[in-house]
Amino acid sequence: MPAKVDDSHVLTGETLLARFAALDAFLIKHQALWKPRPFTHRQLPWEASYPELAEWLRGRSLEEAEQSHNQPCLLDAPEPFASLAALSLELSTVGELPAHALEASGHRLNVDVPGRKWQQIEAFASRLQFADAPSHWLDWCSGKGHLGRRLLQTGQQLTCLEYDPALVFSGQALSQRHQMHALHVEQDVLAADAASFLNADHTPVALHACGDLHVRLIQLASAEGCKQLAIAPCCYNRIRLSEYQPLSSSAKRSDLQLSLENLSLPTSETVTAGARVRRQRDTSMARRLAFDLLQRQLRGMDEYLPTPSLPSAWLDKSFADYCHHLAALKELSTIGPQDWSALEGAGWQRLAEVRNLELLRGLFRRPLELWLVLDRALFLFEQGYAVRLGTFCETPLTPRNFLILAERP
Ligand SMILES: C[S@@+](CC[C@H](N)C(=O)[O-])C[C@H]1O[C@@H](n2cnc3c(N)ncnc32)[C@H](O)[C@@H]1O
């Protein structure tokens, strides 16, 4: 059993290490439950060990799966589900970082910023408390620089780094409109010369810079001696390599190996979508699952065959045409006579089963995310930073709500 953890507080110092060790043991012990994807397996390896749970999940409807998707821990499913759900909750709960009142933004800065994004920015900004007041903000992968402008106070400087020229241009125009002195630089932060934009006086902030982008900041900022930084990570699977490269010595010592597919688990919760979009998404997946049954039959091989993502116009084809065209694309042998409506129905049945079986993997979504965030936090800790790790807002505002605050004492 993993060690009992204090789940009521922001993680700091030794509690970072203790939580990492507990999560590491939990994820390694149960990897057979969360690594294989129901979408690519007709039968999951763990089903033989837990037949009652498998049968129970497979018996539920698509609507029931949908309802449980974002909070699988609340599902009253047969063991070992309930015990794992309790552990998942215990291990992934992290306290909220204390908020301070932000100075009102006097420039109608939120004009042109989508409402949810602005609320995220305000929440992020309200958690930034450092012993020394920042003198120069560095907004990393800034987009139009909304976060940097929200943070900028009289007497401070702001540099925004962003590689999309259109966003750099709009960012510059917005800073001018608000009469704020900000430098918007068009820069690929992964390029070799990115280090030249960082120095010890900067306070880098990164709100939802994907995978390699925020990892690069962590490496450069610690190497350049930045006194303090704040990072809300996201998209852990957006990395150049095909395997996860741990940062901290604790993660380097771990036996947990993570593929790109594994790394996509933390961000696999479905976003709230309208009925039409949901129906389109479900139809596309049900068709893929039906085609998977067909291709196994055509190839005489009970093995998943990856298929490319297809334009949504493919869903306007009849199901038979869809299968014929996809089989041709994959250069499969000619399709003999088929009961198309039975096959299509089998795809929908599999979709309901897949979505319900996914709920077990869902229990490991947040623990894996916290393991990854802790790897970043522990790396900074090892580089001599005092680190605080907590949440900066509630999940509905953004599920990517972990925030790492690091400052050199
Ligand atoms: C998810 S957005 C976040 C933007 C902003 N921080 C926010 O919260 O609104 C990620 C940003 O990173 C930028 N980006 C992606 N790759 C980059 C790179 N290699 N160098 C610099 N910026 C990059 C994108 O253009 C995008 O603006």
Side-chain angles (χ1 to χ4, degrees), residues 97 102 105 109-128 134 136-152 158-175 178 180 182-198 202-221 224 229-241 245 260 263-264 266-269 271 369 372-373 376 391-405:
L97 286 159
L102 278 183
S105 64
L109 283 179
N110 58 339
V111 175
D112 293 341
V113 191
R116 185 178 286 259
K117 172 55 73 183
W118 186 250
Q119 283 172 281
Q120 290 171 14
I121 286 172
E122 292 259 306
F124 183 106
S126 71
R127 314 288 159 161
L128 303 192
H136 191 150
W137 297 104
L138 182 70
D139 190 346
W140 191 258
C141 301
S142 58
K144 296 180 186 174
H146 297 306
L147 173 65
R149 272 188 301 275
R150 180 63 185 98
L151 291 169
L152 190 60
L158 168 64
T159 302
C160 298
L161 296 185
E162 166 61 51
Y163 84 156
D164 179 335
L167 295 177
V168 175
F169 183 81
S170 308
Q172 246 155 7
L174 280 168
S175 292
H178 296 298
M180 298 178 100
L183 187 63
H184 292 260
V185 184
E186 185 183 325
Q187 173 67 33
D188 177 355
V189 300
L190 299 178
D193 60 348
S196 65
F197 288 95
L198 273 147
H202 285 136
T203 297
V205 288
L207 172 57
H208 297 161
C210 306
D212 278 341
L213 305 177
H214 69 259
V215 169
R216 176 95 166 133
L217 171 59
I218 289 172
Q219 289 164 333
L220 291 181
E224 295 299 323
L229 62 149
I231 297 176
C234 81
C235 302
Y236 308 92
N237 57 335
R238 298 255 184 106
I239 57 173
R240 279 167 300 177
L241 301 173
Q245 302 295 307
L260 282 186
L263 290 171
S264 64
T267 49
S268 65
E269 69 274 76
V271 282
E369 177 167 19
L372 290 162
V373 175
R376 288 139 175 80
T391 57
F392 69 96
C393 65
E394 299 285 332
T395 314
L397 187 54
T398 168
R400 302 285 76 72
N401 62 352
F402 284 126
L403 178 58
I404 301 170
L405 297 178

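Counting starts at 1 for both ligands and their atoms, in listed order. Below, all heavy atoms of this structure are taken into account, side chains as well, without hydrogens, waters or symmetry copies.
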With sequence neighbours excluded, residues passing side-chain hydrogen bond (donor to acceptor under 3.5 Å, both in side chains) with Gln172: none
Shell of residues surrounding ligand 1, defined by a 4.0 angstrom heavy-atom cut-off that is strict: Lys117, Cys141, Ser142, Gly143, Glu162, Tyr163, Asp164, Leu167, Gln187, Asp188, Val189, Leu207, His208, Leu213
Neighbour count above 12 (heavy atom, 6.0 Å) for Gln219 CD: yes
Qualifying side chain to side chain donor-acceptor pair (under 3.5 Å) pairs with a residue from residues 161-170, counting only residues at least two apart or across chains: none
Short N-O contact, Glu122 and Lys117, less than 4.0 angstrom: no
Under 3.5 Å: donor-acceptor pair, side chain of Arg127, backbone of Leu97: yes
Phe392: ring-ring contact (aromatic ring centres under 6.0 Å, His included) partners, not counting sequence neighbours: Phe124
